[in-house]
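Counting convention: from 1, in listed order, for ligands and their atoms alike. Treat the numbers as computed from the prediction; the structure is a model and nothing was measured.
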Amino acid sequence: MQKIVAANWKMHGTLDSARALVTAIEAHLREGPPERADIVLCPPGVLIRAVQAMLADPCIRLGGQDCHAQAQGAFTGDVSAPMLKEAGCTHVIVGHSERRAHHGETDAQVRAKAEAALSVQLIPIICVGESREERAQGQAAAVVAAQVKACLPAPAPGKPPQQGGCVFAYEPVWAIGTGLTPTPEEIGAMHRNIKDLLPDGTPVLYGGSVKAANAAEIFATAGVDGALVGGASLDVRGFFEIVSRSRPAAV
Ligand code: PGA
């Protein structure tokens, strides 16, 4: 299966920096071999349409960084899944640990957001991951399993489980933006646990301090279907090197 590399720009970027990044990424991709990861760029909401207009490569897809569970309403500052869809997104990140930490989002809310995304044929990238304390206490597997079960969208009435409809991202909170990562063995074990709880074929990405230097090892780990990349996705060369390492031949 082709790896997925999703770029989470977080609250970074201006029109100018986005243009520079997109132009450079596309130039690198044109020079590289044709087979490559499935790339999903997740810019801040106000830049989505502009980035879409900049993209010449129809294979690069767009994602939102969050969506509300309701399609519309009096929710100042929020963006709904249908709005992201209309803006050109195919994906939306939900349940990122920064949303959980700074906006108090619960698993139930994350699940409702994922269901809202699926209802308009957006692919939710559902983030789960343990804190530093939870790992230190030997709770990582249990915490993540509980999150996966609580965030997994219910199948639509009368429909089979949403096979292929969701993507999960295992993002240990302590690894995000810190330069720390679990060992490949720890990542592999966690991805196995997560996949055991999901419909067959659901991709599970790893996120947390993915960079050019560790990408090959992470992509080569069994059960890792791609990466959710934060900081390194803002650096053209670093991001392109991560994408390059997603090809088995480059490992
Ligand atoms: P990072 O962030 O790559 O900067 O650690 C990943 C994420 O938050 O999705």
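- A salt bridge does not link K3 to D38: none of the charged nitrogens lies less than 4.0 Å from a carboxylate oxygen.
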Taking distance alone, no hydrogens or angles, what donor-acceptor pairs closer than 3.5 Å link side-chain atoms of residues 218-239 to residues at least two apart or in another chain?
from: T221; atom 1: OG1; to: E217; atom 2: O; distance (Å): 2.8
from: T221; atom 1: OG1; to: I218; atom 2: O; distance (Å): 3.3
from: D225; atom 1: OD2; to: K195; atom 2: NZ; distance (Å): 2.6
from: D225; atom 1: OD2; to: V204; atom 2: N; distance (Å): 2.8
from: S233; atom 1: OG; to: V229; atom 2: O; distance (Å): 3.4
from: S233; atom 1: OG; to: G230; atom 2: O; distance (Å): 2.7
from: D235; atom 1: OD2; to: G238; atom 2: N; distance (Å): 2.6

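- K113 has a carboxylate O that lies under 4.0 Å from a charged side-chain N of E105, or vice versa, which qualifies the two as a salt bridge.
- With sequence neighbours left out, D78 forms a side chain to side chain donor-acceptor pair (under 3.5 Å) with no residue at all.
- Neither F75 nor M83 shares a network with the other; the hydrophobic side chains, linked directly or stepwise wherever heavy atoms of I, L, V, M, F, W or Y lie under 4.5 Å apart, form separate groups for each.
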Side-chain donor-acceptor pairs under 3.5 Å in residues 165-179, sequence neighbours left out?
from: Y170; atom 1: OH; to: E130; atom 2: OE1; distance (Å): 2.9
from: Y170; atom 1: OH; to: E130; atom 2: OE2; distance (Å): 3.0
from: Y170; atom 1: OH; to: R135; atom 2: NH2; distance (Å): 3.2
from: E171; atom 1: OE1; to: H96; atom 2: NE2; distance (Å): 3.3
from: W174; atom 1: NE1; to: E130; atom 2: OE2; distance (Å): 2.9
from: T178; atom 1: OG1; to: W174; atom 2: O; distance (Å): 2.8
from: T178; atom 1: OG1; to: A175; atom 2: O; distance (Å): 3.3
from: T178; atom 1: OG1; to: L180; atom 2: N; distance (Å): 3.1

Note down each nitrogen or oxygen pair, ligand 1 side and protein side, whose separation is under 3.5 Å; give only atom names and the distance to 0.1 Å.
from: ligand 1; atom 1: 2 (O); to: K10; atom 2: NZ; distance (Å): 3.4
from: ligand 1; atom 1: 3 (O); to: G230; atom 2: N; distance (Å): 2.8
from: ligand 1; atom 1: 4 (O); to: G231; atom 2: N; distance (Å): 2.8
from: ligand 1; atom 1: 5 (O); to: G177; atom 2: N; distance (Å): 2.7
from: ligand 1; atom 1: 5 (O); to: S209; atom 2: N; distance (Å): 2.7
from: ligand 1; atom 1: 8 (O); to: K10; atom 2: NZ; distance (Å): 2.7
from: ligand 1; atom 1: 8 (O); to: H96; atom 2: NE2; distance (Å): 2.6
from: ligand 1; atom 1: 9 (O); to: H96; atom 2: NE2; distance (Å): 3.2
from: ligand 1; atom 1: 9 (O); to: E171; atom 2: OE1; distance (Å): 3.3
from: ligand 1; atom 1: 9 (O); to: E171; atom 2: OE2; distance (Å): 2.7

